[in-house]
Amino acid sequence: MLERHVVQRHAAVLVWVPVILGGVLLDLPGGALAAATDVVLVACAAGACTLAVLASWPGPTRRSAAAVVGFAVVVSAGSLAWSAWVPAWLLVAMSAAVALPTSVAVAAVPASALASAWTLSRFGATADEVLAQVFVVLLAGVAAAAFSRLVATADELRRTREELADAAVARERERFSRDLHDTLGHSLSVMVVKAAVVRRLVPTDPVAAAGHAADIETVGRRAMTQLRDTVDGAVVPSLPDELREAEASLATAGIRATVGCVEPVPPTAAGPLAWALREGVTNVLRHSGASRCTVEVRHDTDRFRLTVADDGSRAAGHAADLVVAGRRGGLEGLRRRLAAVGGGLDVAAGADGFTLSAWVPDGTAAR
């Protein structure tokens, strides 16, 4: 089924086919042979005109050009024999304007007007009638070309609008996926670590186990708030809070933590670095098996840099996020988040541990 804009473009020309060629049929010549010949020419003209227009979407083709040439030949043959064919040159001009490339149509439309004027003059038309015919044919061709371009432009705008809408949806989906990974992923990792501590302490120290269980409840409630903020797009982590949370989470997991930070870190750098710190500490808790972790925030000339380094032996697990095709979260998601504010991410995995280094330019607007 043809789309609406295609139907509109075709209708600009095809609506005139029965009107103009029907007029030819209403003025058939005398004699059975002449009348039959005229009817055949009308049928051929209608088919050629229709093919020329239909074959020209979404742009002129060789078939549409050949159909225009065939249409012009049929109209020429009819015009040489009967004056009723002269108005058919309007259809030739409109078909040429729609079905031919612009550079060719610029010449074809005036040529149709001149051919119309010449055939009309052969039947004794006055100079004023000839000039009027030329004007009408030219106007018909220009109007058809303008309408066709207008419909094509509207279709292009429609496709562009749809592409922009799809891009906006994709950006929002990526934002939601990344924020969900970076917020809930960290909270769930902390809950898993504390749950393991509770399981170990229940037989020997129920009071301490109850304290960690209360921490799990607190982290769970905070995760619910984070989920709501993620849905609303209002997740803005705080670097000081993330530093304190990192130290406490690492200590709970039995990892000796050293946390250092320059003061003060401006908000332009604190937000992106807070995301990087959350992802770095989450990976240490999940993958590293480390006994020691160092977190440092410093100012290097024109940028603020965060470094998270551990001595874990399962460094390959850290790097897994980098090679998962199409993944929106993890280290690849963090890399895109930092790139959006002009920053960058470097990672180094080796036998002696894993190092994550994230940086943002000094003075970059937080995302």
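It should be emphasised that the depicted structure is a prediction, and the values quoted were computed from it without experimental measurement.
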Practice task
May I ask whether L150 and V106 are part of the same hydrophobic cluster, defined by side-chain heavy atoms of I, L, V, M, F, W, Y residues being less than 4.5 angstrom apart, directly or through others?
Solution key: no

Tabulate below the donor-acceptor pairs under 3.5 Å that side-chain atoms of residues 74-87 make, not counting sequence neighbours, or state none.
| residue | atom | partner | partner atom | Å |
| --- | --- | --- | --- | --- |
| S76 | OG | A72 | O | 2.7 |
| S79 | OG | V75 | O | 2.8 |
| S79 | OG | W89 | NE1 | 3.1 |
| W85 | NE1 | D38 | OD1 | 2.6 |

Practice task
Measure the OG1-CG distance between T37 and L41 for me, rounded to the nearest 0.5 Å.
Solution key: 6.5 Å

Fill in the blank from the handout: Sorted by chain and residue number, the side-chain contact (heavy atoms from CB on, under 4.5 Å) partners of A196 (sequence neighbours excluded) come out as R199, R200

Completion exercise
To the nearest 0.5 Å, atom SG of C293 lies from atom CG of L250 at 5.0 Å

Exercise for the section: Kindly compute the distance separating OG1 (T282) from CG (L277), expressed to the nearest 0.5 Å. Expected result: 8.5 Å

Completion exercise
R298 meets the salt bridge (charged side-chain N to carboxylate O under 4.0 Å, His left out) criterion, sequence neighbours left out, with E296, D300

Completion exercise
Closest non-hydrogen contact found for V137 with S112 is CG1-C, 4.0 Å

Problem - R122 atom CZ, over 12 foreign heavy atoms within 6.0 Å - result: yes

Exercise for the section: Could you please spell out the steps behind the side-chain contact (heavy atoms from CB on, under 4.5 Å) verdict for L331 and L356? Expected result: CA-CA 9 Å; L331 295 179; L356 178 149; 3.6 Å; yes

Practice task
Group every Ile, Leu, Val, Met, Phe, Trp and Tyr by side-chain heavy-atom contacts under 4.5 Å, then state whether L21 and L54 land in the same group.
Solution key: yes

Practice task
Could you walk me through whether L138 and V134 pass the side-chain contact (heavy atoms from CB on, under 4.5 Å) test, one step at a time?
Solution key: CA-CA 6 Å; L138 285 175; V134 170; 3.9 Å; yes

Exercise for the section: May I ask you to check whether over 12 heavy atoms, not counting those of F135, lie within 6.0 Å of atom CZ? Expected result: no

Practice task
State whether the side chain of D362 and the backbone N or O of T301 hold a donor-acceptor pair below 3.5 Å, judged by distance alone.
Solution key: no

Exercise for the section: Assess whether side-chain contact (heavy atoms from CB on, under 4.5 Å) is satisfied between I216 and V198, documenting all intermediate values. Expected result: CA-CA 10 Å; I216 293 176; V198 170; 4.2 Å; yes

Exercise for the section: Please confirm whether the backbone N or O of W118 pairs with a side-chain atom of S121, one donor and one acceptor, at under 3.5 Å? Expected result: yes

Practice task
Take E247 and R244 through the test side-chain contact (heavy atoms from CB on, under 4.5 Å) and record every step on the way to the result.
Solution key: CA-CA 5 Å; E247 190 170 13; R244 288 191 293 269; 5.8 Å; no

Handout entry: same_hphob_cluster(F354, W359) at 4.5 Å side-chain heavy-atom cutoff
Key = no

Practice task
With the side chain counted from C-beta on, respond yes when Q133 and L90 share a heavy-atom pair under 4.5 Å apart, and no when they do not.
Solution key: yes

